[in-house]
Structures are given as C-alpha cells and as structure tokens.
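Take a look at the structure set out below.
Values below: every heavy atom of this structure, side chains too, minus hydrogens, waters and symmetry copies. Counting begins at 1 with the first residue of the sequence. Every number for a ligand or one of its atoms is a count from 1 in the order of the listing.
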Amino acid sequence: MNILVTGANGQLGNEMRIVSRNSQDHYLFTDVVEVEGQETTLLDITDLEAIRHIVKEQDVDVIVNCAAYTNVDAAEDNKELAELLNAKAPENLTCAMKEVGGLLVHISTDYVFGGDPYNTPCKEDQQGTPTGVYGLTKLHGEQAIKNIGCHHIIIRTAWLYSEFGKNFVKTMLNLTETKPQLKVVFDQVGTPTYAYDLASAIFDIVENRKFEGKEGIYHYSNEGVCSWFDFAMMIAKYAGHDNCTIQPCHSNEFPSKVIRPAYSVLDKTKIKETFELKIPYWTDSLKTCLSNIKNL
Ligand SMILES: NC(=O)c1ccc[n+]([C@@H]2O[C@H](COP(=O)([O-])OP(=O)(O)OC[C@H]3O[C@@H](n4cnc5c(N)ncnc54)[C@H](OP(=O)(O)O)[C@@H]3O)[C@@H](O)[C@H]2O)c1
C-alpha cells in the first residue's frame, strides 16, 4: 500500500517516520514546510486540489493525518485558523479518500471532553463537551469525517510528548534544571502519551491490515492516570533534577483564556480489544523518552 503521512515534521509525524522505517508498505511524508535532514514532500492539507493531485499521482491507499492546529492557548485568539486546520482540512482529506475508496487515519484529542463534571474514564460514544476552541474545532473535524464518510479510523489521544518539537516534558526538563522552585497544576487529571507508542499502534493497525472492517472512533493514551503535577514530579525525578522544589497548585493560579478539562482520562478498552494492543504504562514510556532525549 501507499501511505501518506501529513504533518510529518511534528511530534507524531516524526515518530511515524521512525516506526515505519522497515515497513513492507511505501510511506510518503508530507508537511507544509521542509526541515533540514528530513525528506518531506510539501502538502498543505487546507488545499483540497493539492490533496486530490497527490492522492492520484502517488496512488495513495491510506492517509495518516498527524497535522493539526495544536496550540491550545493560541487557538482562543485564532478561531478561524484552528477551524481551518482542525475541521476543514480533515474534511478535505475525507473527500479525497472517499473519491478513491481509501482509508483516513485521523488523530483527535481528549480535549473534545471536559465540559461535564465526571470522574470515570471517557468512552468513545460519550458526548463531546469541549471547553475551548481547540477541542471544539477538533470535534468539528471528527464530525466532518463521519458526515462525509470515507473509510476512517479516528484515534483520540491525550497529553502527547516526544523527543521532537515543543512539549511538556521538554519544558519541564528545562525548568526543573534551571529554577529552584516551580508550581504545577494538580487539578487537571489525564494520561500522558509518548508519541512513539501511539505511532507504533497506528503502524501496527495499518501494516497488519487490522483496520479492515474495524472503522470508527478509538481512544489511545498510555496506561495510568496522573495530574500535570505528578507528571512534572516524575520528569524531574527520572532526570535527576533534585534541586528544584515542585509544588502543586490550582489552575486559577495561572490565568488563561482557555479552560482546560479537569478530567479527561480516556478509556482504552475498545482499541486494546479490537486491535489486540498492549499499551505501556505512562512512567515506563516517560523513562524511555527521557533516555532518547538524552541520547540525541
Ligand atoms: N500535542 C498534544 O498534546 C496532543 C494531545 C492530544 C491530541 N493531539 C493531536 O495529535 C495530533 C498530532 O499532534 P502533534 O503534537 O504531533 O502536532 P504538532 O507537533 O503540532 O505537528 C503538527 C504538524 O502539522 C503541520 N501543519 C500545520 N499546518 C499544516 C497544513 N496546513 N498542512 C499540513 N501540515 C500542517 C505543522 O507544521 P508547522 O509546525 O510548521 O505549523 C506540524 O509539523 C494532532 O491531531 C493533535 O491535535 C495532540
């Protein structure tokens, strides 16, 4: 099969490059800008004609959409751009794949939840109640895919980090090394996800054709539950940054335009059972990522 990855220079896209190195399929990595040392075909997924052209020219069977507008805070001031990238662009990809009978693997987010107070892990069929523009536009993207209806697998994930790009792990590594003390919120609870683990799951589903007859929405994060405070504590502990005191604080101590979900833990039963996946525990994956960052 010919598999096209969008947003290939982002966190998840870069991990897709790594996990697919020995694939029996042919992968084409695309993004809006080129990065030195990474083979990238330019493709702007807001441009439907450009997508149609590349899908026909490259005979694409599967698109893995790793591109998105992912800046949760900035989305509050850039609603149109967030909607364009998170809703219109997936709609474009859906149209293009529907025309050729192909499969779209699309990534969504735990932030489609959070508006209702609950403390049991969110299931796939639970109603979306986003608290901000990012989550709302990602929910619109999911709805567009379902409404237009090409073959699709939508995977909602959460708290992504990796050795690539900007993320919480890299920020905390820097802060806990350079600051004597730090406050991190303990009233937002979820599960971190090492992008390598998610990319491995996507690769397994595609490479082994596990998607056949298994369309729909799935949840994937690492195993376990923690707050951002717990996450920061573990990052500092594993990195050996003992000289920074990390204190738990409430979200209202960091005024922000966006209200983030207090609880957005994803129930992963469906993806584990459907595709026979084993998902690593979050602290084990954190250790792996930290060691990969150290060796860069
Ligand atoms: N990050 C998280 O914590 C998190 C949590 C839950 C779900 N997710 C979802 O997981 C997926 C992957 O996230 P990520 O963190 O890997 O994202 P990321 O690192 O922000 O990467 C996104 C990539 O998409 C590219 N892009 C932007 N506009 C584009 C366009 N018009 N056409 C094609 N590519 C474009 C970006 O390029 P530029 O950088 O040059 O703009 C970037 O390389 C997304 O769907 C995201 O919503 C992420």
Can you tell me if Arg156 and Ser264 form a side-chain donor-acceptor pair at under 3.5 Å? no
Would you confirm whether the ring centroid of Phe113 sits within less than 6.0 angstrom of the ring centroid of Tyr118? no
Does a salt bridge link Asp204 with Lys278, judged by any charged N lying under 4.0 Å from a carboxylate O? no
With the threshold set at 4.0 Å, does a side-chain nitrogen-carboxylate oxygen contact exist between Arg260 and Asp73? yes
Should the heavy atoms of other residues, nucleotides or ligands under 6.0 Å from NZ of Lys272 be counted, would the total exceed 12? yes
Ligand 1 polar-atom proximity to protein (N/O, under 3.5 Å):
{"residue": "ligand 1", "atom": "3 (O)", "partner": "Leu160", "partner atom": "N", "Å": "3.1"}
{"residue": "ligand 1", "atom": "15 (O)", "partner": "Gln11", "partner atom": "NE2", "Å": "3.1"}
{"residue": "ligand 1", "atom": "16 (O)", "partner": "Gln11", "partner atom": "N", "Å": "3.2"}
{"residue": "ligand 1", "atom": "16 (O)", "partner": "Leu12", "partner atom": "N", "Å": "2.8"}
{"residue": "ligand 1", "atom": "19 (O)", "partner": "Gln11", "partner atom": "N", "Å": "3.0"}
{"residue": "ligand 1", "atom": "20 (O)", "partner": "Thr70", "partner atom": "OG1", "Å": "2.7"}
{"residue": "ligand 1", "atom": "31 (N)", "partner": "Asp44", "partner atom": "OD1", "Å": "2.8"}
{"residue": "ligand 1", "atom": "32 (N)", "partner": "Ile45", "partner atom": "N", "Å": "3.0"}
{"residue": "ligand 1", "atom": "37 (O)", "partner": "Asp31", "partner atom": "OD1", "Å": "3.3"}
{"residue": "ligand 1", "atom": "43 (O)", "partner": "Gly10", "partner atom": "N", "Å": "3.3"}
{"residue": "ligand 1", "atom": "43 (O)", "partner": "Asp31", "partner atom": "OD2", "Å": "2.7"}
{"residue": "ligand 1", "atom": "45 (O)", "partner": "Ile107", "partner atom": "O", "Å": "3.2"}
{"residue": "ligand 1", "atom": "45 (O)", "partner": "Lys138", "partner atom": "NZ", "Å": "2.8"}
{"residue": "ligand 1", "atom": "47 (O)", "partner": "Tyr134", "partner atom": "OH", "Å": "2.7"}
{"residue": "ligand 1", "atom": "47 (O)", "partner": "Lys138", "partner atom": "NZ", "Å": "2.9"}

With the threshold set at 4.0 Å, does a side-chain nitrogen-carboxylate oxygen contact exist between Lys210 and Glu276? no
